[in-house]
Amino acid sequence: MIPAKIEPISITTISKKGVDSIYDWLEKHKQTFYILGWSYLRNHQQMEELFYRFIIKVHKELPRFKRETSFELWVTSIFIPICRELSVDQGESEPRQDLFNALDQLKEYEKEAMILTYVKGLSHEEAVQLLQVSVEKIKELLFSGIQSLRKEMGYESAFNGCREYHKYYIDYLERTLERPKKIDLEIHIYHCQDCQDDLASFQDVLLTMANLSEKMEDFHVPADFMENVKTRLAEREKHRQQKNKKRLRIGMVIASFFALLIGIEVFTGAFTNYYYTWTEEDQELRALLQQDAGERLNLEAESAGVKIKIRSAVADEVQTLVFYEIEDTAEDNQYMMNYDDGVFVENEHKIMNTESQPWYNPPDLKSAVNKKRKNVYQGKLSLLPLTTDKGTIKLKITKLLKLIRDSSDQSSFMAYDNTEYKTGEWNFEIPVTKKPSVEYALKEETEVEGIPVRFDRLTIAPTATILQYSINTEQTEKRIDALNFDNIEVNNKKVKTDMFGSSFMNAQQVMNWTTFQTYFDPLYGEKPKQINVPLKSIHLTFEDPKTIELDASQKYPQTFEYAGSTISIDKVEVGLPSMVVISNHEIKNRAYEELNFSVLGEEENEPISMEMDTEGVLVDKNGMEYNQNKIPVSYEEIDQPRNFITVQSFRIDGNSAGEKVIPKRLEIYGYNTTKYLDDIVRISLK
């Protein structure tokens with residue numbers, strides 16, 4: 001088997017550095033994913049397309065990653081559907097190893113079960129998650145797949161042994177069979193020659209698959225393969241930047257027309273503002289209508305006793321916002337739309353930028369309108385930005401999410417543990433016109449914790465205000481992974497950060513500078529003269545390498561000093577799995593929140609499969625501790641929260657041959673910490 005060597009990984013860092021970090025992660029794991037892809041595809045051109053699509057798809061789906069599953073398993077769930085899609089049109093086939101040719105003869109699900117288990121090295125439970133079948137079905141597919149491979153290896157196609165014992169073969173050879181059944185099978189095999197022959201040939205196939213890494217010694221990823229993928233990503237990024245750098249050009253030719261519009265506004269603007277003030281309760285939509293960023297719509301559809309109204313739609317280069325109202329005409333229920341979950345745009349690929357991604361809009365149960373009536377909910381849905389100046393969105397809705405208020409706090413939404421839906425069919429054709437944005441060059445530079453930070457641009461769009469800034473990356477021993485803002489103030493008007501809308505530029509605009517974007521609530525129509533940017537907090541990574549020797553024969557716990565703290569090695573155990581556990585429960589004045597480290601065996605470069613579990617405590621500005629496992633905690637309501645990891649456990653399942661790994665060294669690379677700031681950057685545009 002070829003399980004990937006899992007290294008310490010920060011999902012936060014990946015999401016903030018974007019496509020580049022996903023490429024770097026894949027560069028380290030390219031061998032195992034290349035072999036997995038080669039199991040489906042038959043030429044290197046398709047393999048380049050596979051890796052290119054895979055990186056883009058992972059970047060797009062990253063906000064939906066849930067930490068309940070491992071990052072590697074999650075990305076594998078994205079990798080396999082792309083493999084299936086590309087395998088439909090194979091094109092010209094290049095020479096393949098005999099084992100791959102043999103796997104090609106299997107049925108689709110047999111082949112996938114074999115590949116995931118013996119090529120990718122996943123457990124049965126992990127394969128179950130990817131193939132969406134039961135454990136029993138996985139074993140059934142593996143059995144039939146191995147039987148087919150036996151024929152390719154020169155054995156008779158059928159088993160001649162006793163059929164009632166076939167179901168035990170896999171568990172027996174994988175050493176997971178229950179002891180009573182194991183004893184029963186061994187007694188039976190001792191007296192049955194046919195079952196002996198069956199099991200021996202079955203084991204031959206398993207050994208062939210398990211030793212796949214040795215058979216693949218001459219199977220190398222082409223030298224220029226990843227570089228070709230990187231070149232394509234760079235070309236895509238260049239094209240994306242060119243599209244995003246459109247400027248609003250106001251020429252002298254239309255000066256007189258512009259003056260006329262101003263004159264019209266003088267006479268009619270007051271009436272428009274008063275009109276929407278009295279007729280529109282939603283403050284966000286009211287402001288957009290007053291600025292002529294959108295218009296009222298009278299679109300309505302009813303199904304299954306639920307009526308949906310599309311109230312308005314506003315489009316710009318950032319997103320397309322659809323304001324809606326849902327009324328339950330039969331009962332007192334409130335429902336909301338959840339994009340990609342029964343809500344989709346049928347002509348999305350024709351009129352929308354599919355390389356972007358929609359924002360998440362959480363349910364707003366605190367608004368007066370949503371408190372007023374128990375059967376009516378007003379919300380907004382973020383769709384992808386338009387690629388054309390005008391268009392008609394064909395919105396199809398087949399499922400609505402039922403909102404269940406927290407009994408202890410009626411303004412809060414219950415978690416998705418008991419999700420309920422309303423099914424039906426509602427169809428809309430929504431006309432939209434994309435409104436322009438205005439960009440302002442800032443050219444302001446400061447230092448944060450001794451690291452240069454540059455403010456590059458402010459973009460004011462109808463649906464959002466966007467601050468673009470860059471962080472210098474020359475320092476290697478200390479770097480800023482994230483810079484957070486609570487709000488931004490423009491001309492004495494303060495707007496909050498959009499928690500769910502911020503994004504990150506994927507390429508370094510200038511050498512040693514990494515560029516980011518933070519999104520704030522709209523300031524459409526504002527002409528900035530003075531900008532105040534309060535710095536809220538930074539997430540820092542310190543490179544501070546240290547090696548700790550491990551010896552399982554010694555007694556534990558033992559301690560060592562690092563970053564001004566005394567850290568305990570609680571456990572070092574050798575087995576299947578091997579375990580290493582470290583802890584530090586003293587959090588007062590602690591320099592770090594989480595350590596970045598790995599556990600190495602005797603063969604440092606040998607691929608090993610490992611998992612890490614953590615325990616921690618949330619602490620506020622005053623040192624108050626919150627146990628997130630026992631008390632429901634609203635992270636946003638805590639004053640300057642910091643999440644200190646107190647226990648980090650490494651589980652090492654074994655090496656590529658399934659043998660025990662003896663932990664020899666604790667390799668610490670550095671640590672992460674959060675620092676809260678009280679600085680304001682003042683930028684003048686006069």
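Computed from a predicted structure; not experimentally measured. Along the sequence shown, residues carry numbers from 1.
- Contact annotation: the side chain of Ile662 approaches that of Lys664 to within less than 4.5 Å [non-hydrogen atoms, C-beta and beyond].
- Here the side chains of Glu136 and Lys139 are not in contact, with every heavy-atom distance at 4.5 Å or above.
- When each of Ile56, Asn228, Leu26 is tested with Phe51 by the rule side-chain contact (heavy atoms from CB on, under 4.5 Å), just one qualifies, namely Leu26.
- Note that CG of Leu73 is 10.5 Å distant from CD1 of Ile78, once rounded to the nearest 0.5 Å.
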Practice problem: Report the C-alpha distance between Val647 and His585 in whole Å, list the side-chain angles of each, state the deciding distance to 0.1 Å, and finish with yes or no for side chain to side chain contact (heavy atoms under 4.5 Å, CB included). | Solution: CA-CA 8 Å; Val647 180; His585 295 276; 3.7 Å; yes
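- A salt bridge links Lys30 to Glu27: one of the charged nitrogens lies within less than 4.0 Å of a carboxylate oxygen.
- In this pair, Trp74 and Phe71 present their aromatic rings tilted. The plane angle is within the 30 to 60° band.
- The salt bridge (Lys or Arg N to Asp or Glu O under 4.0 Å) search around Glu593 returns Arg642, not counting sequence neighbours.
- With Ser578 contributing its side chain and Ile652 its backbone, the two residues share no donor-acceptor pair below 3.5 Å.
- For the residue pair Tyr172 and Glu186, a side-chain donor N or O sits within less than 3.5 Å of a side-chain acceptor on the partner.
- Here Asp184 contributes atom CG and Arg179 contributes atom CZ; the two are 13.0 Å apart, rounded to the nearest 0.5 Å.
- Between the side chain of Glu48 and the main chain of Val229, no donor-acceptor pair closer than 3.5 Å is present.
- Between Val58 and Trp25, the closest side-chain pair of non-hydrogen atoms is not below 4.5 Å.
- Heavy atoms from other residues, nucleotides or ligands lying under 6.0 Å from CD of Gln45 number 12 at most.
- The stretch residues 541-562 participates, sequence neighbours left out, in these salt bridge (charged side-chain N to carboxylate O under 4.0 Å, His left out) pairs: Arg479-Glu543.
- Within a 6.0 Å sphere centred on NZ of Lys137, other residues, nucleotides and ligands contribute 12 heavy atoms or fewer.
- Remark: Glu178 CD is loosely packed, at most 12 non-hydrogen atoms of other residues, nucleotides or ligands lying under 6.0 Å away.
- Results of the ring pair (Phe, Tyr, Trp, His ring centres under 6.0 Å) test with Phe225 over Tyr34, Trp38, Tyr52 single out Tyr34 as the only residue that passes.
- Using a 4.5 Å heavy-atom cutoff, the side chains of Asp613 and Arg651 are not in contact.
- Using a 4.5 Å heavy-atom cutoff, the side chains of Pro557 and Asp570 are in contact.
- Taking the six-membered ring where tryptophan is involved, the planes of Tyr165 and His188 are essentially parallel, since the angle between them stays under 30° and well short of 60°.
- The CD1 atom of Ile80 sits 6.0 Å away from the CZ atom of Arg84 when rounded to the nearest 0.5 Å.
- Note: Ser77 OG to Glu126 CD = 11.5 Å, rounded to the nearest 0.5 Å.
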Exercise. Kindly determine whether Leu36 and Ile115 satisfy side chain to side chain contact (heavy atoms under 4.5 Å, CB included), including the steps that lead there.
Key: CA-CA 7 Å; Leu36 178 59; Ile115 289 170; 3.0 Å; yes
Quiz item: Does the side chain to side chain contact (heavy atoms under 4.5 Å, CB included) test come out yes or no for Glu112 and Tyr40, once each step is laid out?
Solution: CA-CA 9 Å; Glu112 288 193 330; Tyr40 289 84; 3.2 Å; yes
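- Judged by distance alone, the side chains of His59 and Tyr23 never bring a donor and an acceptor atom under 3.5 Å apart.
- How far CD of Gln46 is from CG of Leu50: 9.0 Å, rounded to the nearest 0.5 Å.
- Residues Asn596 and Tyr671 form no side-chain contact, since every pair of their non-hydrogen atoms from C-beta on lies 4.5 Å or further apart.
- The pair Glu49-Arg53 meets the salt-bridge criterion, since a charged nitrogen lies less than 4.0 angstrom from a carboxylate oxygen.
- When atom types are taken as modelled, the side chain of Ser568 and the backbone of Ser583 share no donor-acceptor pair closer than 3.5 angstrom.
- For Glu425, the side chain to side chain contact (heavy atoms under 4.5 Å, CB included) criterion is met by Lys396, Asn427, not counting sequence neighbours.
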Practice problem: In sequence, state the C-alpha distance, the side-chain angles, and the governing distance for Leu122 and Leu130, and then conclude on side chain to side chain contact (heavy atoms under 4.5 Å, CB included). | Solution: CA-CA 10 Å; Leu122 301 182; Leu130 294 175; 3.4 Å; yes
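- Using bins of under 30°, 30° to 60° and over 60° for the plane-to-plane angle, the ring pair Tyr169/Phe143 lands in the tilted bin.
- For an aromatic pair to be called close, the ring centres must be under 6.0 Å apart, and Phe597 with Phe650 satisfies this.
- Asn584 and Tyr592 share a side-chain donor-acceptor pair at under 3.5 Å.
- Within the 4.5 Å cutoff, the side chain of Lys181 has no heavy atoms near those of the Asp171 side chain.
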